[in-house]
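Quick notes on the structure that follows.
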Amino acid sequence: MREWLVATADSLDEFRHHHAEPVEDRWARDARFMRVLYDAGWIRYGWPVEYGGLGGPSVLRNVLYDELESAGYRVPEFVIQIELQGEAFMKFAPAFAEARLPAALRGDEMWAQGFSEPEAGSDLASLRCKAVLEGDEWVITGQKTWTSYGVSAQWMGVLTRTGSAESRHRGITMILVDLRSPGIEVRPLRLANGTDECADVFFDHVRVPVNNVIGEVNRGWDVAMYLLQFERANYGWLRQAHLARRLRELVSEIDDPDRATATVLGDCWLANLALRLRSGETVRRLFAGERIGPEASIDKILIAQAEQPLNDAFRDLLPGHFLFDPDEKFEVWRSEWYYSRAASIYGGAGEVQRGIIADRLLKLPEEA
């Protein structure tokens with residue numbers, strides 16, 4: 001892999017540079033990079049042959065992401081949703097995975113997941129987006145919010161309420177929805193960094209074939225919990241690889257660090273090392289077939305504890321560049337700083353994760 005990156009460096013130059021640009025332009029470049037990696041075979045290693053891969057142990061995917069970031073390339077964002085949903089699709093919807101995973105690996109289409117709602121974020125079991133069976137179709141009505149990649153995705157795994165409101169997690173079904181279907185409205189959500197990476201998605205009596213269910217009816221909670229293991233583990237691995245590169249780039253901007261500066265940078269390195277060691281062990285367990293339970297909340301907390309201090313270090317150590325420098329590389333840093341504010345919220349708020357750790361892992365007594 002390293003030899004190939006060196007040999008093809010000139011032709012890959014456009015993928016090494018980061019830009020302050022609309023997300024659609026970034027994703028278009030990511031799609032081209034995916035196709036290059038697919039044609040060379042690298043992005044296919046670690047995925048089963050029957051789903052468009054080249055086989056080999058799944059951890060080869062993590063090796064790829066590490067090597068790309070180490071060589072100065074941002075891992076294409078297509079990979080995030082493939083990693084989050086791909087394993088769940090292969091387990092619970094193999095026909096869909098067989099049909100669509102190769103297209104996702106080529107960068108031909110992007111996926112999204114429809115979990116959060118305006119009143120159902122960390123308390124996912126309270127979701128209200130409803131699916132009613134009419135003949136051989138599901139009719140979906142409701143809303144999803146903070147949908148990452150919603151503005152460009154073609155497919156979404158949507159958690160829907162198919163049981164009564166009181167059924168909580170026992171009345172949830174995950175359904176695959178083609179976002180080009182009639183009755184769907186996607187409204188971009190402008191984030192603090194100026195990008196439209198997330199969206200509100202509205203479903204107005206959207207008709208979906210009955211066989212688009214992922215897993216079993218009213219058993220969508222099982223699918224979601226299976227999927228969230230990979231959100232904690234593989235997303236954590238992707239973030240640590242990216243943050244390690246960004247830390248090296250930050251160090252290169254500081255000419256003569258004093259002891260206080262070295263302490264800040266050292267703390268960032270240690271926080272990212274903790275994330276790397278933890279997510280690496282979680283990935284190893286997942287790919288060995290183990291089920292990751294509430295301990296996955298530790299991985300989620302470590303992501304925020306690595307990401308936010310690193311971006312704060314850029315702000316604090318290079319305040320002039322952070323506030324005023326128009327150079328594009330500092331525009332990218334500012335954008336990532338803004339985005340890092342959400343690291344302790346997205347995917348499960350930090351307070352909720354700490355509560356899970358206290359209750360289910362440490363078995364601490366409830367507050368009086």
Side-chain angles (χ1 to χ4, degrees), residues 51-52 78 80-82 84-105 108-121 124-165 167-189 198-228 230-231:
Y51 299 111
F78 283 68
I80 295 175
Q81 283 298 327
I82 296 173
L84 298 191
Q85 298 190 86
E87 293 283 346
F89 289 161
M90 289 190 296
K91 180 177 178 64
F92 295 100
F96 176 84
E98 186 177 349
R100 307 276 19 124
L101 186 55
L105 291 173
D108 292 344
E109 61 185 39
M110 183 176 271
W111 296 345
Q113 62 186 61
F115 282 22
S116 295
E117 298 180 8
E119 297 181 10
L124 199 56
S126 65
L127 65 86
R128 297 188 297 180
C129 183
K130 191 173 183 179
V132 177
L133 188 60
E134 293 186 4
D136 60 354
E137 293 179 316
W138 290 101
V139 180
I140 301 176
T141 303
Q143 177 187 355
K144 295 295 178 180
T145 193
W146 300 117
T147 302
S148 298
Y149 319 116
V151 294
S152 294
Q154 286 78 44
W155 292 93
M156 178 190 287
V158 182
L159 287 182
T160 64
R161 172 68 58 195
T162 49
S164 65
S167 62
R168 299 282 289 174
H169 64 275
R170 291 182 296 276
I172 292 174
T173 302
M174 183 180 284
I175 301 175
L176 279 167
V177 178
D178 185 339
L179 292 181
R180 296 159 294 190
S181 303
I184 293 178
E185 180 184 0
V186 178
R187 298 180 190 173
L189 289 171
C198 296
D200 277 326
V201 182
F202 297 87
F203 303 87
D204 184 7
H205 295 86
V206 176
R207 294 187 171 272
V208 180
V210 68
N211 58 2
N212 276 31
V213 169
I214 304 174
E216 300 178 23
V217 175
N218 292 329
R219 297 293 298 273
W221 189 258
D222 295 341
V223 182
M225 292 303 101
Y226 183 84
L227 184 154
L228 285 175
F230 294 90
E231 179 173 299

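All values reported here derive from a predicted model rather than from experimental measurement.
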Show your working on side chain to side chain contact (heavy atoms under 4.5 Å, CB included) between I172 and R161 and close with a plain yes or no. CA-CA 5 Å; I172 292 174; R161 172 68 58 195; 3.8 Å; yes
Passes side chain to side chain contact (heavy atoms under 4.5 Å, CB included), I80 versus Y149? Steps please. CA-CA 10 Å; I80 295 175; Y149 319 116; 3.2 Å; yes
What's the verdict on salt bridge (Lys or Arg N to Asp or Glu O under 4.0 Å) for E117 and R128, showing C-alpha distance, side-chain angles and the deciding distance? CA-CA 8 Å; E117 298 180 8; R128 297 188 297 180; 5.1 Å; no
Tell me, with the steps shown, if F203 and I184 meet side chain to side chain contact (heavy atoms under 4.5 Å, CB included). CA-CA 5 Å; F203 303 87; I184 293 178; 4.0 Å; yes
Show the numbers, then the answer: is there a side chain to side chain contact (heavy atoms under 4.5 Å, CB included) between V208 and V158? CA-CA 11 Å; V208 180; V158 182; over 6 Å; no
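Taking CE of M174 as the reference point, atom CG of D222 lies at 10.5 Å (rounded to 0.5 Å). To the nearest 0.5 Å, atom CD of residue E137 and atom CG of residue N212 are 10.0 Å apart. The structure places OG of S116 at 6.5 Å from CG of L124, a figure rounded to the nearest 0.5 Å. Between the CZ atom of R100 and the CG atom of L176 there is a distance of 10.5 Å, given to the nearest 0.5 Å.
The shortest distance between side-chain heavy atoms of Y51 and L105 does not fall below 4.5 Å. With a 4.5 Å cut-off on side-chain heavy atoms, L179 and W155 do not count as touching. Side-chain contact between E231 and Q113 is present, with at least one heavy-atom pair separated by less than 4.5 Å. The shortest side-chain heavy-atom distance between L159 and K144 falls under the 4.5 Å cut-off. At a threshold of 4.5 Å between non-hydrogen side-chain atoms, the residues W138 and V217 count as touching.
The side-chain contact (heavy atoms from CB on, under 4.5 Å) check on N218 picks up T162, T173, with sequence neighbours excluded. With sequence neighbours excluded, the residues satisfying side-chain contact (heavy atoms from CB on, under 4.5 Å) with Q143 are P118, T145, D200, F202. Partners of V139 by side-chain contact (heavy atoms from CB on, under 4.5 Å), not counting sequence neighbours, listed by chain and number: E134, H205, R207.
Among all heavy-atom pairs drawn from V151 and A199, the shortest one is CG1-CB, 4.0 Å. Listed here is the closest heavy atom pair of A88 and V223: CB-CG1, 4.4 Å. Minimum interatomic distance between I214 and F92 (heavy atoms only, all atoms of both residues): CG2-CB, 3.6 Å. Between T160 and A131, the shortest heavy-atom contact is OG1-CB, 3.5 Å. Of all heavy-atom pairs between P102 and G52, the closest is CG-CA, 3.9 Å. Between Y226 and F230, the shortest heavy-atom contact is O-CD1, 3.4 Å.
In this structure, a donor-acceptor pair under 3.5 Å is present between the side chains of E109 and W111.
Counted within 6.0 Å of CD on E185, heavy atoms from surrounding residues, nucleotides or ligands total more than 12; the atom is thus considered enclosed.
Checked by atom type and distance alone, the side chain of Q85 pairs as donor or acceptor with a backbone atom of A112 at under 3.5 Å.
Ring geometry for H169 versus W221: interplanar angle of 30 to 60°, hence tilted.
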